[in-house]
Amino acid sequence: MYKLIKKQGNARRGEFTTVHGTVQTPAFQNVATCGAIKGGLSAYDLKDINCQVQLCNTYHLHVRPGDQLIKDLGGLHKFTGWDGPILTDSGGFQVFSLAKLRKIREEGVDFNCHIDGHHIFMGPEESMRIQSNLGSTIAMAFDECVENPAPYEYAKQSCERTTRWLIRCKEEMNRLNSLPDTINKNQLLFGINQGCTYDDLRMKHMEEIAKLDLDGYAIGGLAVGEPKEDMYRIISAVDPIAPADKIRYLMGVGTPGNIIEGVYRGVDLFDCVMPSRNARHGHLNTWNGIININNAKYERDERPIEEGCNCPTCQKHSRAYVRHLLKAKEVLGLRLCVTHNLYFYNNLMQEIRNALDNDTFDEFHDKYVDILDTRI
RNA sequence: GUGGAUGUAGCUUAGUUGGCCUAAAGCGCCAGUUUGUGGCACUGGAGAUCGUGGGUUCGAAUCCCAUCUUCCACC
């Protein structure tokens, strides 16, 4: 259940209530594809980095360890030890990212497993069943994330198929939520807007899925190589069409600057692998821009990654030590860096919410939108 | 002092029947890429007058002479 608290321009301050807790929005989802944030963070670490909601992946957990196993062991919350909200991505992104290993047809998608090559079929019903077995808070509809650029005619047909798949997802979820042994009978369903970078397809598609009265609306298929101006234009085009009383989720985005621009255009929810992936490569977010801790200039730097940062890493450790650990390929180095970057992202969202509460978001936008994505 | 071995990029080494060497690799260094995670990844760059000085040769990291470094053995 989404509740809009206040608006500044198109930017929205709200809260989203679920059976696993309430999320203050705008919010960032911490990505735990295989049931764990890469870099060695456990459920007990998530509170320290102010994580509100986690994202796990249907395809990856279906492949390993298997959704039936997770259901038998009590569901994803019990399995991972995280009792807050969990959103599961549907496998739709793997239609894009595993493009060489799959074939699409009306019923669904045939994958060759990326680990051992065995055949996996996933359609709307299969994705919903897996997500129901996982018992996540929010299930995403099974869609096709189309590559960029894509021909208009293909984008149109794919978009129409994604709508047909969405209707099948909704029917299957209603059935699953009414079964006696379903782990989370209150599982929510978000639909996903597609249409590549074609404004008319995007707007028409959003109109159609808005009629289905879903629990939330996502904008998918962006940040897949298109110029960021296209991304911002599409968000602005579909924003007025998405139901105002439902949460809006911009999938897979992005840099701190992307997030600020997204909030500016009405987005409530984000997720992205960048903070964790970049952290593993030594690229660390600060309020002055991005530093590469591997650089020689940090060899004897006794300061924390960012002075004034309250993250667990900066409370205790120097740049010199963090750099040493990464250079020495110690797993603690990854953990400390991922901890810092995810804390930064969650803190960024907190600062955005504070700015909205204080009606200073426009100033916040102008001050930080460029600098946070700059390399220093 | 005598005999032997050694010397090629910051480091560790490859290359020594003279020509494909305007010298190669790994690590390190530097820079870039990363957006619903097939990624602890990938791409690129800088960096060596081959210990030094002579010589032989059309041509030398490679052969010869001298000299220095380091190491080993013997006295």
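The figures here come from the full heavy-atom set of this structure, side chains too, leaving out hydrogens, waters and symmetry mates. Chain identifiers are assigned alphabetically (A, B, ...) following the order of the sequence lines, protein sequences preceding nucleic acid strands; residue numbering begins at 1 within each chain.
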Using a 4.0 Å heavy-atom cut-off, does [X] contact any base of the nucleic acid, only the sugar-phosphate backbone, or nothing at all?
X	result
Gln94(A)	sugar-phosphate
Leu55(A)	sugar-phosphate
Gln194(A)	base

Which residue pairs pass the salt bridge (Lys or Arg N to Asp or Glu O under 4.0 Å) test with at least one member in [range], sequence neighbours excluded?
range	answer
residues 172-184 of chain A	Lys71(A)-Asp181(A), Arg129(A)-Glu172(A), Glu172(A)-Arg175(A)
residues 335-346 of chain A	Asp45(A)-Arg335(A)
residues 133-153 of chain A	Glu144(A)-Arg161(A)

Exercise. Tell me which nucleotide among rG38(B), rU35(B), rG36(B) gets nearest to the side chain of Ser90(A).
Key: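 Output: rG36(B).
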Exercise. Compare the minimum distances between each of rG36(B), rU37(B), rG38(B) and the side chain of Arg280(A), then state the nucleotide with the smallest one.
Key: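 When the side chain of Arg280(A) is considered, rU37(B) is the closest of rG36(B), rU37(B), rG38(B).
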Quiz item: With ILVMFWY side chains joined below 4.5 Å, transitively, what does Tyr152(A)'s cluster contain besides itself?
Solution: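 Answer for Tyr152(A): Tyr198(A), Leu201(A).
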Quiz item: Could you state the CG-P distance from Leu222(A) to rU35(B), rounded to the nearest angstrom?
Solution: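 Result: 13 Å.
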Exercise. Send over the distance from Glu226(A) CD to rU34(B) C1', rounded to a whole Å.
Key: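 Between C1' of rU34(B) and CD of Glu226(A): 14 Å.
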Self-check item: Whole-Å C1' distance, rU22(B) and rG28(B)
Solution: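 Taking atom C1' in both rU22(B) and rG28(B), they lie 26 Å apart.
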Quiz item: Using atom P of each nucleotide, how far apart are rU67(B) and rA60(B) to the nearest Å?
Solution: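 Comparing P positions in rU67(B) and rA60(B) gives a spacing of 24 Å.
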Residues touching RNA chain B, which here means a heavy atom under 4.0 Å, drawn from [range]:
range	result
residues 198-210 of chain A	none
residues 124-141 of chain A	none
residues 239-271 of chain A	Met251(A), Gly252(A), Val253(A), Gly254(A), Thr255(A), Asn258(A), Asp271(A)

Tabulate below the donor-acceptor pairs under 3.5 Å that side-chain atoms of residues 316-326 of chain A make, not counting sequence neighbours, or state none.
from      : atom 1 : to        : atom 2 : distance (Å)
Ser318(A) : OG     : Tyr321(A) : N      : 3.0
Arg319(A) : NE     : Pro304(A) : O      : 2.9
Arg319(A) : NE     : Ile305(A) : O      : 3.3
Arg319(A) : NH1    : Asp301(A) : OD2    : 3.0
Arg319(A) : NH2    : Ile305(A) : O      : 3.0
Arg323(A) : NE     : Asn294(A) : O      : 3.1
Arg323(A) : NE     : Asn295(A) : O      : 2.9
Arg323(A) : NH2    : Asn294(A) : O      : 3.2

Practice problem: Would you state whether a donor and an acceptor, one from the side chain of Asp143(A) and one from the base of rG36(B), lie under 3.5 Å apart? | Solution: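 Such a pair exists between side chain and base.
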Quiz item: Is a donor-acceptor pair below 3.5 Å formed from side chain Arg277(A) to base rU37(B), judging by atom type as modelled?
Solution: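 Side chain to base: pair present.
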Self-check item: Trace of the ring-ring contact (aromatic ring centres under 6.0 Å, His included) decision for Tyr345(A) with Phe28(A)
Solution: CA-CA 7 Å; Tyr345(A) 264 64; Phe28(A) 179 77; 4.9 Å; yes
Quiz item: Which nucleotides of nucleotides 25-32 of chain B have their base under 4.0 Å from a protein heavy atom (B), which only their sugar-phosphate (S), and which neither (-), written as one string 5' to 3'?
Solution: ----SSSS
Quiz prompt | ring-ring contact (aromatic ring centres under 6.0 Å, His included) partners of Trp165(A), counting only residues at least two apart | solution =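 For Trp165(A) the ring-ring contact (aromatic ring centres under 6.0 Å, His included) partners, ignoring immediate neighbours, are Phe142(A).
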Quiz item: Pairing of RNA chain B as dot-bracket, 5' to 3': ( ) intra-strand, [ ] crossing, | other strand, . unpaired, with Watson-Crick or G-U pairs under 3.5 Å?
Solution: (((((.((.[[[[.)...(....]]]].(((((.......))))).....[[[[[..)....]]]]]).))))).
Quiz item: Testing Arg13(A), Lys6(A), Lys7(A) for salt bridge (Lys or Arg N to Asp or Glu O under 4.0 Å) with Asp359(A), which one passes?
Solution: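 Exactly one option meets the salt bridge (Lys or Arg N to Asp or Glu O under 4.0 Å) with Asp359(A), and it is Lys6(A).
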Quiz item: Taking only residues two or more places apart in sequence or in another chain, which ones pass salt bridge (Lys or Arg N to Asp or Glu O under 4.0 Å) with Asp48(A)?
Solution: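 With neighbours one apart ignored, the set is empty.
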